[in-house]
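A quick write-up on the structure given underneath.
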2 protein chains.
Amino acid sequence: MIKEGKIKKTKFSKQRDLILNILRSCSCHPTADWIFTEARKTNPTISLGTVYRNLNLLAAEGRIRELCFGKGVSLYDGDLRDHYHVRCNVCGKVEDVPHISPRVSDQQIEELTGYQIHSHRLEFSGICSECRE
Amino acid sequence: MIKEGKIKKTKFSKQRDLILNILRSCSCHPTADWIFTEARKTNPTISLGTVYRNLNLLAAEGRIRELCFGKGVSLYDGDLRDHYHVRCNVCGKVEDVPHISPRVSDQQIEELTGYQIHSHRLEFSGICSECRE
DNA sequence: CTAACTGCAAAGTTTTTGCAATTGC
DNA sequence: GCAATTGCAAAAACTTTGCAGTTAG
């Protein structure tokens, strides 16, 4: 649950900067733990708690996106451009859907529900070509 | 991750039946724990483990749906009709989107990605009218 | 009879948090 | 200097699992 109203002053921190760079430079959709392991290669003393705190902060600021498939794990995405995801139900892999125009209007949903819509997520699931064999 | 190939013989169980009825007769999107509490009112000895086992089994059989927003919790939905969800980022409430024709073609995604698509999820998020005050 | 299912409790995962020390502005 | 941030470790939250006993077919 994102607290939308909470405006907090943030300082630069090299840990946060590192996390953001890792997320921006990888093309995958990593877990917090993967980011932690990756971050340790550059900063061997960074802690997992810091990784989580910064991922939450960055997501709340809208500088990264948090994805969520199935229970348990969150995945993070540093690509803010409008795009959607496909997920393989067998191997769990998550990939971007290259380019598709949504044709779903947030405004239409606002009229239907009375919600003020900020964003939408569209996720496809099925079986990838490797797993189909 | 859903194991698609696993076909298992199932017996009737009153616990599973109860869980399914609870889910079908409520219009909300409850957590496993809420279902557990509700189930205890009818069957005071049912265990949380049994609730989880049955929710997973029912979801794997496609008799219920598992939703997932943010980290931590799964929500369950007994309504199998095609529909989408809106979620309030402030209070966390999840509601159905009354009626909308998707206009998203799974087939188009199959062509783009090479995945064999089974389903898609579309979720809107924003702020509900109560929380907007 | 026997494989599926259950309750219980213990264990597993993932994420959050309290605290004292550190750091950016 | 002060508030934001950190590392650490402990705790919290959620889900799964092993086991011995029970139940549906």
Side-chain angles (χ1 to χ4, degrees), chain A residues 1-3 6-23 29-61 63-76 92 94, chain B residues 1-3 6-23 29-61 63-76 92 94:
Chain A
M1 208 170 330
I2 302 148
K3 289 284 165 292
K6 193 196 298 174
I7 295 142
K8 219 204 296 190
K9 209 173 297 180
T10 59
K11 288 179 188 176
F12 173 85
S13 104
K14 65 178 196 300
Q15 288 87 341
R16 181 152 58 241
D17 195 48
L18 173 58
I19 289 165
L20 190 52
N21 284 333
I22 288 173
L23 212 35
H29 305 85
T31 62
D33 200 64
W34 186 93
I35 295 166
F36 170 60
T37 306
E38 205 60 20
R40 283 243 153 179
K41 294 178 187 169
T42 302
N43 178 344
T45 61
I46 195 172
S47 75
L48 187 53
T50 296
V51 172
Y52 274 108
R53 270 187 289 233
N54 280 304
L55 288 171
N56 288 341
L57 196 151
L58 290 167
E61 290 179 347
R63 303 215 280 156
I64 63 173
R65 290 231 173 94
E66 185 178 349
L67 314 178
C68 177
F69 298 86
K71 59 196 99 191
V73 231
S74 285
L75 306 181
Y76 297 88
V94 173
Chain B
M1 210 170 327
I2 301 149
K3 289 283 166 292
K6 193 196 298 175
I7 295 142
K8 219 205 295 190
K9 208 172 296 178
T10 59
K11 287 180 187 176
F12 173 84
S13 104
K14 65 180 197 302
Q15 288 87 340
R16 181 151 59 240
D17 195 49
L18 173 58
I19 290 166
L20 190 53
N21 284 333
I22 287 172
L23 211 36
H29 306 85
T31 62
D33 201 64
W34 186 93
I35 295 166
F36 171 61
T37 306
E38 205 60 21
R40 283 243 153 181
K41 294 179 187 166
T42 302
N43 177 344
T45 62
I46 195 173
S47 76
L48 187 54
T50 295
V51 171
Y52 274 109
R53 270 187 290 233
N54 280 305
L55 288 171
N56 287 341
L57 195 152
L58 290 166
E61 289 179 347
R63 304 215 279 156
I64 63 173
R65 290 229 175 96
E66 186 178 349
L67 314 178
C68 178
F69 298 86
K71 59 197 99 189
V73 230
S74 285
L75 305 180
Y76 297 88
V94 173

Could you state the interatomic distance from OH (B:Tyr76) to CG (B:Leu55), rounded to the nearest 0.5 Å? 5.0 Å
Are there any protein N/O atoms within less than 3.5 Å of an N/O atom in nucleotides 16-23 of chain C, and if so, which ones and at what distance?
residue	atom	partner	partner atom	Å
C:dT16	OP2	A:Asn56	ND2	2.8
C:dG18	O6	A:Arg53	NH1	3.2

Residues in side chain to side chain donor-acceptor pair (under 3.5 Å) with A:Asn43, at least two apart? A:Thr45
Is B:Thr31 close enough to D:dC14 that one of its side-chain N or O atoms is under 4.0 Å from OP1 or OP2 there? no
Looking only at side-chain N and O atoms, does B:Gln15 come under 4.0 Å of OP1 or OP2 in D:dT23? no
Go through the structure and list residues passing side-chain contact (heavy atoms from CB on, under 4.5 Å) with A:Leu57, not counting sequence neighbours. A:Thr10, A:Arg16, A:Glu61
How many whole angstroms separate atom CG of B:Leu55 from atom C1' of C:dT6? 15 Å
Could you state the interatomic distance from CD1 (B:Ile19) to CZ (B:Arg63), rounded to the nearest 0.5 Å? 11.0 Å
Expressed in angstrom and rounded to an integer, what is the separation of A:Glu66 atom CD from C:dT14 atom P? 14 Å
Rounding to a whole Å, what distance do you find between B:Ile19:CD1 and C:dC5:P? 12 Å
Separation of D:dA13 atom P from B:Leu75 atom CG, nearest Å, is 17 Å
For B:Asp33, give me all partners under side-chain contact (heavy atoms from CB on, under 4.5 Å), at least two apart in sequence or on another chain. B:Thr31, B:Phe36, B:Thr37, B:Leu48
D:dA24 phosphate, OP1 or OP2: any side-chain N/O from B:Ser13 under 4.0 angstrom? no
A:Thr42, A:Asn54, A:Leu23 screened by side chain to side chain contact (heavy atoms under 4.5 Å, CB included) with A:Leu18, the one that passes: A:Thr42
Angle, rounded to 10°, between the helical axes spanning five pairs at each terminus of the helix from C:dC1-D:dG25 to C:dC25-D:dG1? 40°
With a 4.0 Å heavy-atom cut-off, tell me which residues in residues 34-47 of chain B come close to DNA chain D, sorted by residue number. none
Apply salt bridge (Lys or Arg N to Asp or Glu O under 4.0 Å) to B:Lys14 and list each qualifying residue two or more places apart in sequence or on a separate chain. none
Whole angstroms only, please: what is the CG-C1' distance between B:Leu18 and C:dG7? 15 Å
Rounding to an integer number of Å, can you tell me how far A:Lys9 NZ sits from C:dG24 C1'? 12 Å
Pairing residues for A:Glu38 by the side chain to side chain donor-acceptor pair (under 3.5 Å) criterion, not counting sequence neighbours: A:Lys41
With sequence neighbours left out, what residues match B:Ser47 under side-chain contact (heavy atoms from CB on, under 4.5 Å)? B:Thr50
To the nearest 0.5 Å, what is the distance between CG (A:Leu75) and CZ (A:Phe69)? 6.5 Å
Atom CD1 in B:Ile64, atom CG in B:Leu58: separation rounded to 0.5 Å? 5.0 Å
Whole-Å gap separating C1' (D:dT23) and CG (B:Asp17): 15 Å
